[in-house]
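Contents: one structure, followed by commentary.
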Amino acid sequence: MRETRTKEFKEKITNTFLKTVSAFSNYDGGEIFFGVDDNGNIKGLSDVKQACLDIENKINDSIIPQPDYTLELQNNDRTIKLTVKSGLQKPYLYNSKAYKRNDIATIEVDTQELSRLILEGKNIKFEELPCEDQELTFNTLCPKLKECIQIETFNQDTLKTLNLYNNTIGYNNAAGILADKNHFPGIDIVKFGENISVIHKRATFDNISILTVYEKTLEVFKDYYQYEEIQGADRKKIEKIPEAAFREAIANALINRVWDVESQIKVSMFDDRIEIISPGGQPSGITEDEYLSGKLSVLRNRNLANVFYRLGFAEIFGTGITRIKQLYEEGLKQPDFEVSENTIKIVLPVFEKNLNLTEDERKIYKILSKKMLKSISEINPYIPFGKSKTTQLLKEMSKKGIVKIEGRGRGTKYMIK
């Protein structure tokens, strides 16, 4: 066994485990094993029954409010397993402080994280809090709603129906984010050249309606990843990256980010890919596998998601990542998703159809470039077979018209046609 984010070992019973009880209660739950050293070796406890009483008394006397936990004897009554469940009455405090897990360490939460726990304990989302600015206009939202859901009039009752306004608090933060002008961060876009030292364009869309941010970001995307090709008497739109995939990724970033930080969504555009990084990791109560597979969806900003759904910008059921994967099903390179504690990153590669390559040829293809010649010595460290097989596979790919070969002997280099 080894320690993880949700598993901790304690050879002896000291008060330090109470910080971890707070952390597990505040977030996704976990297990603490007593009588086990840091390396997972069973050391045993001298008196497990007394140890159980000590653990129970320490938790009951020190953690406020009372957490939900169970104790279980294991390994022939030599060790104790303490299972702590994620609680509903957050924050759970030890010595008036709230804790969280940072990989295998337990640390105190900062002021912002504590505020989030307090809201979660009250079952209140940040988007539901009163907006600082109550002088809002909705000239962007209004015509879109009239067009998409055929409403005849747009007024305060419309905003109440969308959970953007109520008579007690007025406009909430979700309304502010959708308003024509606001104080919320948006999207920062950079289009790089051949390397990150070369910047072709930089655009920042801040303090305006999230709907305008969405549309302006799409305009930049179309400038670089779409073009028209004349085929006979017809013009055909060519997409280097599927627009539908980019739309899903941007909509997902906007409606699932955390809005209580000043950070912008970062969109980095390269010749071969787009990287989208949004603030806020996976929502609490869901695993990374569940999030990426679409098995379970937890909306961080349900009211914003509802508006995007009504306007046809996004699915409300959290199927965005699944749809992105489906759009790349026939692609040689697949999108990549990275989830960390504070961010979610989506990488959309330039779409290249499967060129009837073998599995081994695909491995080589992913290493090759369309702009730079590479030698065998530059290719081989990244693939699982020897130079002679690599050379033979490259010759076969050349016959298929996929790879261009230049030079002779040791000076031979390869690139994608």
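Numbering of residues begins at 1 and proceeds along the displayed sequence.
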Test item: side-chain donor near acceptor, Thr158 and Thr161, under 3.5 Å:
no
Please tell me if the side chains of Leu254 and Phe313 come closer than 4.5 Å, counting only heavy atoms from C-beta onward.
no
Is the number of heavy atoms from other residues, nucleotides or ligands within 6.0 Å of CD1 (Ile238) greater than 12?
yes
Take Phe17 and Phe34, measure what ring pair (Phe, Tyr, Trp, His ring centres under 6.0 Å) needs, and give me the verdict at the end.
CA-CA 10 Å; Phe17 85 90; Phe34 296 92; 5.1 Å; yes
Side chain to side chain donor-acceptor pair (under 3.5 Å) filter on Glu239, not counting sequence neighbours, yields none
Ser22-Asn26 side chain donor-acceptor pair, cut-off 3.5 Å:
yes
Verdict with reasoning, Thr79 to Leu45, per side chain to side chain contact (heavy atoms under 4.5 Å, CB included)
CA-CA 6 Å; Thr79 64; Leu45 297 166; 5.8 Å; no
Are Gln112 and Asp260 packed together at the side-chain level, in the sense that at least one heavy-atom pair is separated by less than 4.5 angstrom?
yes
Kindly check if the number of other-residue, nucleotide or ligand heavy atoms within 6.0 Å of CD (Glu135) is above 12?
no
Which pair of heavy atoms, one from Ser25 and one from Val84, lies closest together, and at what distance?
OG-CG1, 3.3 Å
Less than 4.0 Å between a side-chain N and a carboxylate O, is that true for Lys345 and Glu275?
yes
Which label fits Tyr94 and Tyr99: parallel for a plane angle under 30°, tilted from 30 to 60°, or perpendicular past 60°?
tilted
How about NZ on Lys363, more than 12 heavy atoms from neighbouring residues, nucleotides or ligands closer than 6.0 Å, or not?
yes
Under 4.5 Å between any side-chain heavy atoms of Glu243 and Glu248, yes or no?
no
If you define the side chain from C-beta out and look only at heavy atoms, does anything of Ile402 sit under 4.5 Å from Leu357?
yes
Other residues, nucleotides and ligands only: do more than 12 of their heavy atoms fall within 6.0 Å of NZ on Lys10?
yes
Any Arg257 side-chain heavy atom under 4.5 Å of Ile265 side chain
yes
Got Ile274 and Phe246 here, is their nearest side-chain heavy-atom distance under 4.5 Å?
yes
Would you check if Val267 and Phe221 make a side-chain contact, meaning some heavy-atom pair closer than 4.5 Å?
no
Report the C-alpha distance between Ser209 and Asp180 in whole Å, list the side-chain angles of each, state the deciding distance to 0.1 Å, and finish with yes or no for side chain to side chain donor-acceptor pair (under 3.5 Å).
CA-CA 5 Å; Ser209 172; Asp180 300 318; 5.5 Å; no
Lys/Arg-Asp/Glu bridge criterion (N-O < 4.0 Å) met for Glu228, Arg235
yes
Answer whether the closest heavy-atom distance between the side chains of Leu119 and Leu129 falls below 4.5 Å.
yes
Taking atom CD of Glu147 as the centre, report whether more than 12 heavy atoms of other residues, nucleotides or ligands fall under 6.0 Å from it.
no
Can Lys58 and Asn15 be counted as having a side-chain donor-acceptor contact under 3.5 angstrom?
yes
So that I can tick it off, tell me whether Glu127 and Arg302 are bridged by a salt bridge, with the cut-off set at under 4.0 angstrom between side-chain N and carboxylate O.
no
How many angstroms lie between atom CD1 of Ile367 and atom CG of Asn380, to the nearest 0.5 angstrom?
10.0 Å
For Asn41, does the CG atom sit with more than 12 other heavy atoms under 6.0 Å from it, leaving out its own atoms?
yes
Axial cation check for Phe270 ring with Arg273, 6.0 Å and 45° limits:
yes
Can we say Glu31 and Lys7 salt-bridge, meaning some charged N sits less than 4.0 Å from an Asp/Glu carboxylate O?
no
Salt-bridged, Glu3 to Arg101, with N to O below 4.0 Å?
no
Salt-bridged, Glu152 to Lys146, with N to O below 4.0 Å?
no
Are Arg116 and Glu120 within salt-bridge range, i.e. N to O under 4.0 Å?
no
Using a 6.0 Å cut-off, check whether atom CG of Asn57 has over 12 heavy atoms from anything other than its own residue.
yes
For Tyr92 and Asp68, run side chain to side chain donor-acceptor pair (under 3.5 Å): C-alpha distance rounded to whole Å, both residues' side-chain angles, the deciding distance at 0.1 Å, then the answer.
CA-CA 11 Å; Tyr92 290 83; Asp68 186 358; over 6 Å; no
Drop me the distance from Thr217's OG1 to Ile210's CD1, to the nearest 0.5 angstrom.
10.0 Å
Whether Lys19 and Glu8 form a salt bridge (side-chain N of Lys/Arg under 4.0 Å from carboxylate O of Asp/Glu) is what I want to check.
no
Would Glu128 and Asn303 count as a side chain to side chain donor-acceptor pair (under 3.5 Å) if you check the C-alpha gap in whole Å, the side-chain angles of each, and the deciding distance to 0.1 Å?
CA-CA 8 Å; Glu128 298 169 339; Asn303 295 335; 4.6 Å; no
Show me, pair by pair, the donor-acceptor contacts under 3.5 angstrom made by side chains of residues 185-199, not counting sequence neighbours?
residue	atom	partner	partner atom	Å
Asp188	OD1	Arg202	NE	3.3
Asp188	OD1	Thr204	OG1	2.8
Asp188	OD2	Arg202	NH2	2.6
Asp188	OD2	Lys266	NZ	3.4
Lys191	NZ	Asp271	OD1	3.1
Asn195	OD1	Ser197	N	2.8
Asn195	OD1	Val198	N	3.4

Set out, in order, the CA-CA distance, both residues' side-chain angles and the distance that settles ring pair (Phe, Tyr, Trp, His ring centres under 6.0 Å) for Tyr214 and Phe308, then state yes or no.
CA-CA 10 Å; Tyr214 176 75; Phe308 266 60; 5.7 Å; yes
For Lys160, does the NZ atom have more than 12 heavy-atom neighbours from other residues, nucleotides or ligands under 6.0 Å away?
yes
